[in-house]
Enquirer: 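One structure, pasted below without further comment.
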Amino acid sequence: MPYLTDEVIDPHALVQRVMRESDGAYVLFEGVVRNHHDGKAVQSILYDAYRPMAEKEMELIVRDIESQYPDVALAVVHRLGQLVVGESSIAIVAASPHRREAFEACRMMIDRIKETVPIWKKERGPDGEEWVGWQGRC
Amino acid sequence: MPYLTDEVIDPHALVQRVMRESDGAYVLFEGVVRNHHDGKAVQSILYDAYRPMAEKEMELIVRDIESQYPDVALAVVHRLGQLVVGESSIAIVAASPHRREAFEACRMMIDRIKETVPIWKKERGPDGEEWVGWQGRC
Amino acid sequence: MRTMKVRLLFFAVLRDIAGADARELALSEGTTARDVWQSLRAQYAKLTDYTQPPMIAINETYAAPETVLRDGDELAFIPPVAGG
Amino acid sequence: MRTMKVRLLFFAVLRDIAGADARELALSEGTTARDVWQSLRAQYAKLTDYTQPPMIAINETYAAPETVLRDGDELAFIPPVAGG
């Protein structure tokens with residue numbers, strides 16, 4: 001399954017994809033477009049990606065976390081394109097026989113994705129639009 | 001909304017109940033009946049509760065965690081009765097502007113529920129049935 | 001010496017052992033929750049080994065074993081909880 | 001001195017600045033990823049202040065700025081990522 005999609009995310013389908021009869025818990029994380037960022041109003045976000053590289057980076061992270069947590073099964077999907085407030089940009093499911101590993105693996109997954117996967121977002125609000133993270137970097 | 005139910009849990013409805021436009025993330029935890037426990041096969045679990053007290057304890061925990069994480073909105077429902085493998089016994093949603101608090105509040109919620117809420121389970125498998133936690137306690 | 005009425009609730013393994021959901025107790029004044037547990041141990045062989053009571057709830061709130069019961073109280077022994 | 005062909009991809013803010021998704025570069029042998037960044041800085045005023053390049057990907061893998069490019073490479077500068 002690809003890690004990137006241009007469609008609305010179906011978290012329930014993601015859960016169904018990973019759950020095994022030996023799993024006693026799953027943790028689902030969804031990142032959602034919120035109506036504010038750094039004190040400014042946000043109306044929508046455009047997500048862009050270096051698609052083939054983003055797919056590869058996601059795969060590397062999934063494999064690395066599954067090797068650290070051998071009992072955990074992971075599924076992840078990141079949406080691209082224009083999203084409005086309330087829509088989900090990412091869903092991560094970590095299923096496990098025990099809850100501790102599910103929480104840890106899910107959180108590690110979102111932390112790692114935010115560090116290295118080549119995906120960008122342009123926030124749009126009443127004051128204009130801006131690529132997040134670029135301004136003031138120099 | 002009551003914290004206990006005799007019906008199948010609808011996690012999506014729970015998410016809808018808590019999400020606000022200022023929330024950038026939610027974490028959903030579901031506890032699921034798994035096919036094993038302490039090395040024994042499990043076919044189903046009967047959940048029992050001291051209902052009015054369990055409702056009160058859940059409320060106490062929710063309020064306590066929301067006071068520790070003022071930005072977090074929590075929703076929780078625990079199912080009672082007979083559940084088979086793959087069915088969810090509990091769903092917890094923690095929504096927050098930022099993901100860290102959502103993860104922490106969700107995990108704290110399930111940990112606290114397992115400590116003090118008067119709910120019990122009787123596991124049924126090919127070798128018979130047993131109230132979990134009672135044997136060998138004396 | 002006056003007697004009090006206390007409602008004793010049974011849950012989970014204790015309901016199975018007692019074969020009932022609840023019982024009405026007539027207790028003498030000064031009886032503690034621990035005293036009630038000791039009388040249950042004397043009645044049910046499966047409880048004999050449990051010298052210490054499990055967690056105790058009085059009127060739907062956790063309480064200490066030495067709590068003195070009052071007329072009209074609802075008492076429950078809470079076996080190890082296993083929710084989630 | 002021979003020249004190499006390298007495909008340069010633009011994403012996010014860099015696509016907006018360059019006004020293109022990609023460009024084909026003809027580079028002399030020995031050119032590094034950092035060298036390409038310096039030439040972009042010379043071309044686009046909005047990049048002048050960015051003396052250090054952002055993260056660099058060569059053939060869809062992160063690479064160091066000093067990496068010497070090879071004929072046929074696909075090069076991309078990766079602005080601060082903001083997925084999730």
Side-chain angles (χ1 to χ4, degrees), chain A residues 3-5 9 29-34 37-38 42 45-61 76-80 83 88-92 106-123 128-138, chain D residues 5-25 33-65 67 69-70 72-84:
Chain A
Y3 294 107
L4 303 177
T5 181
I9 293 171
F29 172 86
E30 280 203 67
V32 180
V33 177
R34 62 173 187 247
H37 181 230
D38 280 350
V42 174
I45 293 181
L46 175 70
Y47 280 93
D48 184 25
Y50 184 2
R51 288 180 185 242
M53 182 174 170
E55 291 279 356
K56 285 185 186 175
E57 285 291 317
M58 293 279 243
E59 178 72 16
L60 283 175
I61 296 170
V76 192
V77 63
H78 198 302
R79 185 174 165 194
L80 302 177
L83 279 69
S88 293
S89 53
I90 189 168
I92 301 170
C106 188
R107 186 162 178 183
M108 186 178 290
M109 187 77 211
I110 181 62
D111 288 349
R112 298 267 314 260
I113 286 171
K114 284 176 177 278
E115 285 169 8
T116 64
V117 178
I119 297 176
W120 302 275
K121 62 181 177 187
K122 188 188 228 174
E123 288 183 345
E129 54 184 37
E130 183 180 314
W131 288 101
V132 173
W134 179 253
Q135 290 304 320
R137 225 196 99 261
C138 60
Chain D
K5 286 193 174 171
V6 167
R7 184 171 173 79
L8 174 61
L9 305 182
F10 296 111
F11 295 102
V13 67
L14 297 176
R15 183 197 288 122
D16 286 359
I17 290 171
D21 290 336
R23 270 163 58 186
E24 304 297 331
L25 306 180
R34 183 190 293 279
D35 294 334
V36 176
W37 179 255
Q38 301 308 349
S39 78
L40 287 177
R41 286 181 58 219
Q43 291 169 62
Y44 301 107
K46 286 184 175 172
L47 299 181
T48 307
D49 290 343
Y50 292 79
T51 53
Q52 293 300 316
M55 302 255 280
I56 286 159
I58 298 175
N59 301 325
E60 302 174 0
T61 302
Y62 284 111
T67 308
L69 296 164
R70 291 172 307 179
D73 274 353
E74 181 177 276
L75 170 66
F77 294 101
I78 309 290
V81 302

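Side-chain atoms are counted along with the backbone in the values below, which use heavy atoms only and exclude waters and symmetry mates. Chain naming here is simple, since letters A, B, ... match the order of the sequence lines and numbering starts at 1 in each.
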Enquirer: Heavy-atom cut-off 4.5 Å, strictly under: side chain, backbone, both or neither for A:K121 against chain D?
Expert: both
Enquirer: Could you walk me through whether D:F11 and A:W131 pass side chain to side chain contact (heavy atoms under 4.5 Å, CB included), step by step?
Expert: CA-CA 11 Å; D:F11 295 102; A:W131 288 101; over 6 Å; no
Enquirer: For A:A54, is it the side chain, the backbone, both or neither that has a heavy atom under 4.5 Å from a heavy atom of chain D?
Expert: neither
Enquirer: Under 4.5 Å heavy-atom distance to chain D, tell me which part of A:E115 shows up: side chain, backbone, both or neither.
Expert: backbone
Enquirer: On a heavy-atom basis, which atom in D:P80 and which in A:G133 lie closest, and how many Å separate them?
Expert: CG-O, 3.3 Å
Enquirer: Heavy-atom distance under 4.5 Å to chain A: side chain of D:A76, backbone, both or neither?
Expert: side chain
Enquirer: Sequence neighbours left out, what passes salt bridge (Lys or Arg N to Asp or Glu O under 4.0 Å) with D:R34? Give chain and number order.
Expert: D:E66
Enquirer: Is D:N59 in contact with chain A via its backbone, its side chain, both, or neither, using a 4.5 Å heavy-atom distance?
Expert: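 For D:N59, backbone heavy atoms alone lie under 4.5 Å from chain A.
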Enquirer: Work out which heavy atom in D:I78 is nearest to a heavy atom in A:Y50; give both atom names and the distance.
Expert: CD1-CD2, 3.9 Å
Enquirer: What closest approach, in Å, do A:T116 and D:V81 show between heavy atoms, and which atom pair accounts for it?
Expert: N-CG2, 4.1 Å
Enquirer: Under the 3.5 angstrom rule, does the side chain of A:Y47 hit a backbone N or O of D:G84 as a donor-acceptor pair?
Expert: yes
Enquirer: For A:S88, which atoms come within 4.5 Å of any heavy atom of chain D: side chain, backbone, both, or neither?
Expert: neither
Enquirer: Please report the interatomic distance CH2(A:W134) to NZ(D:K46), rounded to the nearest 0.5 Å.
Expert: 11.0 Å
Enquirer: Please report the interatomic distance CD(A:E129) to CG(D:D16), rounded to the nearest 0.5 Å.
Expert: 7.5 Å
Enquirer: With sequence neighbours left out, write down each residue that passes side chain to side chain contact (heavy atoms under 4.5 Å, CB included) with A:K56, or none if nothing qualifies.
Expert: D:E60
Enquirer: Apply side chain to side chain contact (heavy atoms under 4.5 Å, CB included) to residues A:W120 and D:R15 and explain how you reach the verdict.
Expert: CA-CA 12 Å; A:W120 302 275; D:R15 183 197 288 122; over 6 Å; no
